[in-house]
Number of protein chains: 2
Amino acid sequence: MNISGAAKAAGLPVKTVRYYADIGLVTPSARTQAGYRDYDDVALRKLSFVGRARALGFPIAQCRELLGLYQDAGRSSAEVKEIALERLEDIRAKQRKLQKLHDELAHLVGACKGDARPDCPIIDYLS
Amino acid sequence: MNISGAAKAAGLPVKTVRYYADIGLVTPSARTQAGYRDYDDVALRKLSFVGRARALGFPIAQCRELLGLYQDAGRSSAEVKEIALERLEDIRAKQRKLQKLHDELAHLVGACKGDARPDCPIIDYLS
DNA sequence: GTTTGACCTTCCCTCTACTGGAAGGTTTAT
DNA sequence: ATAAACCTTCCAGTAGAGGGAAGGTCAAAC
């Protein structure tokens, strides 16, 4: 299957699939005589796997680890869980940070009249 | 005041202050004969202003707008509020997205035993 | 008076994870 | 035969800096 077919099957943009090949994350199974990337079933499944991992927000480096475990029959679920927990903690840290920003900004916005006069608690806070 | 003094006063890294000068966000008030950036009180206040806006997560473009309003005696608080509301909606969108990721990943992690066996609902989900 | 160390400057590379586009080759359909 | 629709590589850009090299400057110590 050529790159556009593979991209469609994995639900990814062609550019992204090419990028994954470039960085050695998911390489095509072969090249045609003309140099076209060729994806077989195994490569396709890896592409979809990475697509879903990325959709969960795993960075490329963790996708690489997960892909390694995916192909490793001798893996332990503990290894997988560890990576997922790392990512989960990452998400929670981001959530805490966003919550703080949200509360602070919401407070300021609530205090700002939003009228034609220049007086503004938001500007005051930043000053 | 030279760049390291200005950076310290604004609580920003020197590299960041130089970067803000490069992109024309906060330019030094002058240069010494030797070419050193020189920051006066006004420039210092702008630096601090931007530092606080960035800490609230405003992107550079919005910092630029806010800085413009900060210096504009004829501003209306409505203009400021509009920018802040934009940013707030941005934060809320990110929160919603993170919440979805969190719930999905937490569910998977909860279902994974994390033992020595290879069976793993996380891998299953990604496959 | 010079030397040392701490500054400062510009310039270019690196990071994440792509995205866009140009120039040019290939395949397929008409 | 040719036009459309593919494909290729390469280069540049995104946000917001951070790292580091090569070289100029300045203040204090010796």
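These values consider heavy atoms only, across backbone and side chains, with no hydrogens, waters or symmetry-generated copies.
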Nucleotide C:dT19, atom P - distance to CG of A:L12 in whole Å: 9 Å
Identify the two heavy atoms, one from B:G114 and one from A:K81, that lie closest to each other, and give their separation to 0.1 Å. CA-CD, 3.7 Å
Rounded to whole Å, the CG-P distance (B:L25 to D:dG16) equals 10 Å
If I take atom OH in residue A:Y19 and atom P in nucleotide C:dG20, what distance separates them, rounded to the nearest angstrom? 15 Å
Check every strand shown and say whether A:R37 touches a base, only sugar-phosphate, or nothing at a heavy-atom separation below 4.0 Å. sugar-phosphate
Need one value for A:T32: base, sugar-phosphate or nothing, where a base atom within 4.0 Å counts as base even if backbone is also close, heavy atoms only. nothing
D:dC7, C:dC8, C:dA17: which one has an atom nearest the side-chain heavy atoms of B:S4? C:dC8
To the nearest Å, give me how far apart CZ (A:F58) and P (C:dA17) are. 13 Å
Quick one: does A:R37's side chain have a donor or acceptor within less than 3.5 Å of a partner on A:R18's backbone? no
Measure from the side chain of A:A34, starting at C-beta and using heavy atoms only, and say which of C:dT27, C:dT19, D:dT25 lies closest. C:dT27
For residues B:R75 and A:P118, report the shortest heavy-atom separation together with the two atoms involved. NE-O, 2.9 Å
Interatomic distance, B:I23 CD1 vs D:dG13 P [rounded to whole Å]: 16 Å
May I ask you to say what A:I3 touches in the nucleic acid, namely base, sugar-phosphate or nothing, with a heavy-atom cut-off under 4.0 Å? sugar-phosphate
Closest of C:dT26, C:dT19, D:dG19 to the B:K15 side chain is D:dG19
Donor-acceptor under 3.5 Å (B:R45 side chain, A:S127 main chain): no
May I ask you to decide if A:E79's main-chain N or O and A:E82's side chain share a donor-acceptor pair within less than 3.5 Å? no
Within-4.5 Å side-chain heavy-atom neighbours: A:L98 and B:R92: no
Take the C1' atoms of the five end pairs on each side of the helix from C:dG1-D:dC30 to C:dT30-D:dA1, get both axes, and report the angle to 10 degrees. 30°
Just so I know, are the side chains of A:L12 and A:Y19 near enough to count as touching, which here means a heavy-atom distance under 4.5 Å? no
A:Q33 or A:P13, whichever maps to the more 5' nucleotide of DNA chain C: A:P13
Please state how far atom CG in A:N2 lies from atom C1' in D:dT8, giving the value in whole angstrom units. 13 Å
In whole angstrom, give the distance that lies between atom CZ of A:R87 and atom P of C:dT16. 15 Å
Just how far, in rounded Å, is P of D:dT8 from CG of A:D22? 10 Å
Select base, sugar-phosphate, or nothing to describe what A:Y20 touches, counting heavy atoms under 4.0 Å on all strands. sugar-phosphate
Classify A:R54 by what it touches in the nucleic acid, base, sugar-phosphate, or nothing, heavy-atom distance under 4.0 Å. sugar-phosphate
Kindly point out which of D:dT9, C:dC8, C:dG25 is positioned nearest to the side chain of A:R31? D:dT9
Look at the side chain of A:D38 and the backbone N and O of A:R31, then say whether any donor-acceptor pair between them is shorter than 3.5 Å. no
Quick check on DNA chain D: between B:Y36 and A:G35, whose nearest nucleotide comes earlier from the 5' end? A:G35
Give one of base, sugar-phosphate or nothing for B:I60, where a contact means two heavy atoms less than 4.0 Å apart. sugar-phosphate
Can you identify which nucleotide, out of C:dT19, D:dA17, C:dT9, has its nearest atom closest to the B:T16 side chain? D:dA17
